[in-house]
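Both backbone and side-chain heavy atoms feed into the values below; hydrogens, waters and symmetry mates do not. Lettering follows sequence order; numbering is per chain, from 1.
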Amino acid sequence: MGHALNNTLQDILIRWKRMQGYAALWVPGTDHAGIATQNVVERQLAKEKVTRHQLGREKFVEKVWVWKEQYGSTIVRQLRRLGASCDWSRERFTMDEGLSRAVQTAFLELHKAGLIYRGYYLVNWCPRCQTALSDEEVVHEEVKGHLWYIRYPFVLSMSKGESEGVVVATTRPETLLGDVAVAVHPEDGRYRSLEGQALLLPILKRTLKIIRDPMIDREFGSGAVKVTPAHDMNDFLLGQKYGLEAIRVILDDGRMGDQAGPYAGLDRFECRKKILLDLESQGLLVKTEDYHTSIGHCYRCKTVIEPTLSPQWFIKMQPLAKLGIEAVEKDGTRFIPDRWTKVYLDWLRNIRDWCISRQIWWGHRIPAWYCKKCYPAYVQERQSKPLSSGTAFNEKEAGIVVAAAGEAAPSQGSHAGIRCPRCGGEALVQDEDVLDTWFSSWLWPFSTLGWPEQTKDLSTFYPTSVLVTGQDIIFFWVARMVMAGKFFLRQLPFRDVYIHGIIRVEGGKKMSKSLGNIIDPLEVIDRIGADALRFSIAHMTSEGQDLYLSENKFLLGRNFANKLWNASRLIIEGSDQRPGEPLPSNPRLMTVPDRWILSRLQGITSEVTEALGAYRFNDTAKRLYQFVWHDFCDWYLEIAKLQRESPEKGIVHNTNWILHALLERTLALLHPIMPFLTEELWHLMGAGSPDATLMKAAWPEPEPAWKDPQAEQVFERLQMAITEVRNIRATFRVPPKEKVKLIVRGSSGLDLLSQHQSIILRLAVVGEMTLGASAQRPEGAIVSHLPAQDGFDAWDLIVPLTGLVDLAVERKRIQKEMEELETRARSKRSRLEDSTFRSKAPAEVVAEEEDSLRELDAELSKWKETLKQLN
RNA sequence: GGGCGCAUAGCUCAGCCGGUUAGAGCGCUACGCUCACAUCGUAGAGGUCAGAGGUUCGAGUCCUCUUGCGCCCACCA
């Protein structure tokens with residue numbers, strides 16, 4: 001459903017712009033979703049009791065390709081069924097040849113610019129996927145846990161008693177095994193006496209340093225922190241600052257390593273339990289508190305992330321973030337709605353380096369080569385050194401070469417002509433890792449157009465106009481595309497970023513595969529059609545708000561599609577007139593309804609165009625809905641039926657011409673939202689040449705000549721009169737087929753009614769109409785006062801219902817009407833008596849209020865008169 | 001800890017720059033299978049715009065606070 005929303009909005013824009021005559025390009029495609037895809041295929045294999053390692057890298061990747069072909073075609077099929085008007089000949093995939101070349105080029109360019117480095121650093125590690133993750137791939141979730149207070153005894157207890165030492169508080173006792181120090185705040189009075197002391201790590205009996213750093217919060221826990229540089233970010237920073245050793249006790253698979261001593265081999269959470277038991281038995285567990293803390297989870301498998309020291313590839317983000325910030329601050333990239341600008345900027349301003357290497361097989365291999373001899377030695381040496389020696393590797397000393405995997409490479413995993421920069425040896429092996437999927441996605445706006453080649457597509461279509469996407473990938477994708485565009489092409493990838501809401505279900509939950517609360521758009525399309533789905537979606541897409549879906553929201557689109565179809569059928573089957581035929585030369589034969597509907601049409605044309613230009617999709621849909629259903633069908637079409645029966649040939653001709661013109665233009669206006677139905681109807685009505693398509697027809701322009709405020713005003717008066725009569729009929733339960741008499745009393749403007757007598761007779765089911773300034777009100781007749789407005793005097797609409805009427809009902813009706821009027825008049829009067837209102841409010845507002853009070857009073861006196869007569 | 005969004009009719013939501021009587025769809029009520037459409041037509045009922053204070057001649061709309069719900073970010077053990 002999220003895809004349906006996203007692609008519907010994109011398709012509306014692209015179809016609209018195409019009709020406006022632009023070369024509108026929409027490149028379809030998919031990314032390879034590295035970790036997610038690999039997981040799916042691994043799960044499939046698990047059913048066959050095979051692991052990817054048993055299969056081997058090459059065979060495994062082949063399997064993934066097979067799966068990708070299936071899944072990719074599913075996505076494409078969904079897009080087609082939705083009606084997405086992509087350029088299918090340009091379909092791309094992040095792992096296809098061209099995009100892979102772009103990825104390699106990007107890596108090499110960044111490396112050359114000094115923005116890519118390999119480093120030994122604390123990363124987010126998923127023990128289940130067994131790969132490093134970027135910060136964005138970690139989902140923090142509030143978890144109920146505990147805060148354990150553990151006593152670390154002094155090494156020499158000299159004069160101090162057995163129970164002395166320092167109590168530290170921790171949420172992860174198992175990391176104790178990797179502790180190398182205890183830290184306190186330098187000005188914390190409680191720990192002043194620790195000078196010259198050393199602490200003893202429980203269980204392992206290692207000697208721990210005591211360090212003093214202002215970073216420590218005295219208020220938290222006991223004010224003393226255990227320091228585990230290999231498994232905690234803050235501790236890692238302390239380690240760098242104070243030159244601590246990093247001891248990895250938790251291995252890649254989440255089990256405890258040899259360094260964990262007696263716990264080696266245990267799962268990290270098993271180890272936690274056992275350590276707590278052991279501490280307790282040794283009297284070192286001081287107390288346990290309930291504690292809510294937020295813990296990072298893998299965004300793909302929800303496993304608790306283990307911060308782990310690990311050699312990985314990183315991108316220096318500072319310089320790139322600067323480009324991203326400038327994009328909105330200086331270069332005019334625009335978020336819609338605007339509030340996302342702040343979210344985007346905040347992220348860029350606090351950005352950390354991007355870990356781009358992943359320990360999986362499905363993805364782009366990293367174009368880096370390691371000397372078989374020098375590299376392992378270098379890494380081992382680094383691991384034994386204190387952390388103060390820096391994060392990034394020295395590539396020359398480490399025996400690392402970053403180079404294109406040239407065509408000359410004789411076989412997988414080796415590289416001809418490249419030597420180790422340290423020892424000069426030729427035994428180099430390619431990095432086993434692949435790149436983060438987003439490292440290819442962030443190139444999408446230009447990689448899909450042929451970059452790094454200077455193609456015609458690239459110069460024609462880059463930069464693009466608009467990106468339509470969800471808020472959930474502003475960091476993952478949007479911000480990175482902006483940076484990449486600016487860095488690699490010196491030009492921003494798009495101007496507008498339209499951020500639509502997220503599809504949710506009741507309770508505000510995200511609709512997602514893993515929650516199993518999906519509404520399948522294909523199933524909806526099966527039932528009600530793609531156009532109905534698309535119209536419903538557009539109708540509920542208010543600027544950037546999340547969308548809560550339920551079944552009956554689709555009813556709107558379904559019913560509307562049905563309405564459009566039936567109205568079109570009436571028009572098309574009612575005459576074989578073609579819209580191309582000109583209007584008769586005698587414009588005097590244009591009726592008020594004719595002029596009214598054409599005026600409305602030209603109004604709606606500019607309104608819809610404006611709404612689309614402002615990304616107001618719901619506004620677009622609502623205006624079209626209102627126009628088609630109510631103006632067009634309820635009123636004009638009903639009147640057109642009468643006009644088609646006119647003895648005046650010119651009127652019949654005009655009516656048919658207008659109906660066709662209306663329909664043709666309405667179909668065009670609706671086409672971006674409802675492409676299938678409108679295309680079909682457009683052909684059925686014979687618009688355009690037989691081989692033409694509405695998809696490429698011109699977008700309707702407002703016809704200034706059709707603008708006719710006077711006709712709109714007059715017609716609205718007619719509508720009011722008809723509605724008023726219907727109202728009386730309904731109130732007094734006049735059977736629908738029963739024709740009533742209508743008497744209209746008024747001093748002027750009544751010719752409007754006589755001219756449109758047949759319309760009134762039909763639409764209000766009136767048998768006989770009498771007009772006049774002094775028309776008499778028969779005994780027992782119902783009266784309704786139509787107030788003066790828009791250049792019309794007040795009228796009395798009189799419907800004689802002698803013998804049919806319950807006078808009590810009529811009295812009640814009048815009293816209710818009068819009460820409302822009185823309330824309004826009272827508030828206006830008090831307002832007008834307020835001198836500040838008169839002096840401060842704009843003159844036109846005051847005048848309006850005065851006019852409207854006068855009218856109210858006039859109406860009231862009329863009703864009073866009526867009531868008197870009735871009594 | 002920081003930030004954002006939402007609270008308007010029974011339900012789901014519109015309401016752009018503050019200005020006559022706050023709108024829609026669904027649901028509901030009454031009547032109607034009138035020759036495009038019962039996925040329909042005509043008419044109607046239904047709202048102290050979350051609460052408090054403020055700015056203003058005037059507040060659903062702007063400001064402050066409060067309450068409730070939802071979301072995002074976060075290297076407080």
**Student:** Does P307(A) reach a base, just sugar-phosphate, or nothing at all? Heavy atoms under 4.0 Å.
**Tutor:**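 The answer is nothing, as P307(A) stays clear of every strand by at least 4.0 Å.
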**Student:** Would you say G44(B) has OP1 or OP2 under 4.0 Å from some side-chain N or O of N727(A)?
**Tutor:**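 Answer yes for this pair, as a side-chain N or O of N727(A) is under 4.0 Å from OP1 or OP2.
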**Student:** Strictly below 4.0 Å: does T171(A) bring a side-chain N or O up to OP1 or OP2 of A77(B)?
**Tutor:**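 For A77(B), neither OP1 nor OP2 has a side-chain N or O of T171(A) closer than 4.0 Å.
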**Student:** Identify whether any heavy atom of D619(A) sits under 4.0 Å from a base atom; if not, whether one sits that close to sugar-phosphate; answer base, sugar-phosphate or nothing.
**Tutor:**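 Touches nothing.
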**Student:** Syn or anti for C65(B), taking syn as within 90° of 0?
**Tutor:**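 For C65(B), whose glycosidic angle is more than 90° from 0, the conformation is anti.
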**Student:** Give a yes/no on whether any side-chain N or O of S542(A) is located under 4.0 angstrom from OP1 or OP2 of C13(B).
**Tutor:**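 It does not, given that no N or O in the side chain of S542(A) lies less than 4.0 Å from OP1 or OP2 of C13(B).
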**Student:** State whether the distance check finds a donor on one side and an acceptor on the other, under 3.5 Å, for side chain T731(A) versus base A43(B).
**Tutor:**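 Counting by modelled atom types and ignoring angles, no donor-acceptor contact under 3.5 Å is found here.
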**Student:** Cut-off 3.5 Å, side chains only: do S830(A) and K828(A) have a donor facing an acceptor?
**Tutor:**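 No pair is found: no donor N or O on one side chain lies under 3.5 Å from an acceptor on the other.
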**Student:** For L860(A) and A825(A), work out which heavy atoms get closest and say how close.
**Tutor:**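 For L860(A) versus A825(A), the nearest heavy atoms are CD1-CB, 4.4 Å.
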**Student:** Ignoring hydrogens and angles, are the base of U42(B) and the side chain of R726(A) linked by a donor-acceptor pair under 3.5 Å?
**Tutor:**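 Answer no: no donor N or O sits under 3.5 Å from an acceptor.
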**Student:** Could you work out which one of C76(B), A36(B), A43(B) sits closest to the side chain of F220(A)?
**Tutor:**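 Nearest to the side chain of F220(A) among the choices is C76(B).
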**Student:** Using Watson-Crick or G-U wobble geometry with both distances below 3.5 Å, tell me the partner of A43(B), or none.
**Tutor:**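 Looking at the geometry, A43(B) pairs with U29(B).
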**Student:** Go through A77(B), A74(B), C75(B) for me and flag the one nearest to the N234(A) side chain.
**Tutor:**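 Minimum distance to the N234(A) side chain belongs to C75(B).
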**Student:** Partner of C57(B) by Watson-Crick or G-U wobble geometry, both contacts under 3.5 Å, or none?
**Tutor:**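 The answer is G19(B), by the H-bond criterion.
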**Student:** Does the side chain of D179(A) come within less than 4.5 Å of V227(A)'s, by heavy atoms?
**Tutor:**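 No, too far: nothing below the 4.5 Å cut-off.
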**Student:** Counting heavy atoms from C-beta on, name the nucleotide in C57(B), A77(B), A36(B) closest to the side chain of L637(A).
**Tutor:**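 From the listed options, A36(B) comes nearest.
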**Student:** Taking only the side-chain nitrogens and oxygens of K342(A), find out if one of them lies under 4.0 Å from OP1 or OP2 of C72(B).
**Tutor:**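 False: K342(A) side-chain N/O out of range (4.0 Å or more) of C72(B) OP1/OP2.
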**Student:** What is the ring orientation for H785(A) with W863(A), classed by angle as parallel under 30°, tilted 30 to 60°, or perpendicular over 60°?
**Tutor:**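 H785(A) vs W863(A) ring planes: perpendicular.
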**Student:** Between R558(A) and D834(A), which residue's closest nucleotide on RNA chain B lies nearer the 5′ terminus?
**Tutor:**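 On the 5' side of the pair lies R558(A).
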**Student:** Y299(A) and E136(A): side-chain donor and acceptor closer than 3.5 Å?
**Tutor:**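 Not at all, the side chains of Y299(A) and E136(A) share no donor-acceptor pair under 3.5 Å.
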**Student:** Please determine if a side-chain N or O atom of W629(A) lies less than 4.0 Å away from the OP1 or OP2 oxygen of G41(B).
**Tutor:**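 Looking at the OP1 and OP2 atoms of G41(B), one of them is under 4.0 Å from a side-chain N or O of W629(A).
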**Student:** Using the side-chain heavy atoms of P736(A), tell me which of these nucleotides is nearest: G25(B), G19(B), C31(B).
**Tutor:**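 Of all the options, the side chain of P736(A) is nearest to C31(B).
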**Student:** Any side-chain N or O of R352(A) under 4.0 Å from OP1/OP2 of C75(B)?
**Tutor:**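 So the side-chain polar atoms of R352(A) do come within 4.0 Å of the phosphate oxygens OP1 or OP2 of C75(B), strictly under.
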**Student:** What does R831(A) touch in the nucleic acid at a heavy-atom separation under 4.0 angstrom: a base, only the sugar-phosphate, or nothing?
**Tutor:**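 The answer is base, as R831(A) lies within the cut-off (heavy atoms under 4.0 Å) of a base atom.
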**Student:** What is the nucleic acid contact for D217(A), judged by heavy atoms within less than 4.0 Å: base, sugar-phosphate only, or nothing?
**Tutor:**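 The residue D217(A) makes base contact.
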**Student:** May I ask you to evaluate whether N559(A) reaches the phosphate of G25(B), defined as a side-chain N or O under 4.0 Å from OP1 or OP2?
**Tutor:**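 So the side chain of N559(A) is outside the cut-off, no N or O lying under 4.0 Å from OP1 or OP2 of G25(B).
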**Student:** Which base sits across from U64(B) as a Watson-Crick or G-U pair, both distances under 3.5 Å?
**Tutor:**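 When the pairing criteria are applied, A52(B) turns out to be the nucleotide that pairs with U64(B).
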**Student:** My understanding is that a pair needs two contacts under 3.5 Å, Watson-Crick or G-U wobble. By that rule, which nucleotide pairs with A38(B)?
**Tutor:**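 Its partner: none found.
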**Student:** Base, sugar-phosphate or nothing for F560(A)? Non-hydrogen atoms, less than 4.0 Å.
**Tutor:**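 The answer is nothing, as F560(A) stays clear of every strand by at least 4.0 Å.
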**Student:** Could you work out which one of U42(B), U21(B), A77(B) sits closest to the side chain of R824(A)?
**Tutor:**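 Closest of the options to the side chain of R824(A): U21(B).
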**Student:** Taking the side chain of Q471(A) as its heavy atoms from C-beta onward, which of C57(B), C71(B), A36(B) lies nearest to it?
**Tutor:**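 Side chain of Q471(A) sits closest to C71(B).
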**Student:** Over all strands shown, is E638(A) touching base, sugar-phosphate only, or nothing at heavy-atom distances under 4.0 angstrom?
**Tutor:**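 Base: the residue E638(A), judged by heavy atoms under 4.0 Å, touches a nucleobase.
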**Student:** Phosphate oxygens OP1/OP2 of A77(B): is one of them under 4.0 Å from a side-chain N or O of H231(A)?
**Tutor:**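 Result: no.
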**Student:** Within the 4.0 Å heavy-atom criterion, would you say F236(A) contacts the bases, only the backbone, or no part of the nucleic acid?
**Tutor:**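 Touches nothing.
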**Student:** Testing W340(A), F617(A), F335(A) for ring pair (Phe, Tyr, Trp, His ring centres under 6.0 Å) with Y498(A), which one passes?
**Tutor:**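 Filter result, single survivor: F617(A).
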**Student:** More 5' along RNA chain B: T293(A) or K641(A), using each one's nearest nucleotide?
**Tutor:**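 Result of the comparison: K641(A).
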**Student:** Does C69(B) have a Watson-Crick or wobble partner in any strand here, with both distances under 3.5 angstrom, and which is it?
**Tutor:**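 Answer to the pairing question: G5(B), which forms a Watson-Crick or G-U pair with C69(B).
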**Student:** Fit a plane to each ring of F627(A) and F632(A), take the angle between them on a 0 to 90° scale, and name the class: parallel (under 30°), tilted (30 to 60°) or perpendicular (over 60°).
**Tutor:**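 Tilted, since the angle between the ring planes falls between 30° and 60°.
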**Student:** In terms of side-chain heavy atoms of I216(A), which of A43(B), A77(B), G25(B) is nearest?
**Tutor:**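 Side chain of I216(A) sits closest to A77(B).
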**Student:** Return no unless some side-chain N or O of K563(A) is found under 4.0 Å from OP1 or OP2 of G41(B).
**Tutor:**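 Yes, K563(A) has a side-chain N/O under 4.0 Å of OP1/OP2 on G41(B).
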**Student:** Which nucleotide in the list A77(B), G19(B), C76(B) gets nearest to the side chain of Y291(A)?
**Tutor:**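 When the side chain of Y291(A) is considered, A77(B) is the closest of A77(B), G19(B), C76(B).
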**Student:** When you compare G15(B) with G23(B), how far apart are their P atoms, in angstrom units rounded to a whole number?
**Tutor:**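 G15(B) and G23(B) have their P atoms separated by 15 Å.
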**Student:** Taking atom types as they are modelled, is there a donor-acceptor pair under 3.5 Å from the base of A43(B) to the side chain of E724(A)?
**Tutor:**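 Per atom types, no contact qualifies.
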**Student:** Taking the cut-offs as 6.0 angstrom to the six-membered ring centre and 45 degrees off its axis, would you call R272(A) and W148(A) a cation-pi pair?
**Tutor:**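 No.
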**Student:** Give none if U12(B) has no partner; otherwise give the nucleotide forming a Watson-Crick or G-U wobble pair with it, both distances under 3.5 Å.
**Tutor:**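 Check on U12(B): paired to A24(B), both distances under 3.5 Å.
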**Student:** Among A36(B), G3(B), G19(B), which is the nearest nucleotide to the side chain of L570(A)?
**Tutor:**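 So the side chain of L570(A) is nearest to A36(B).
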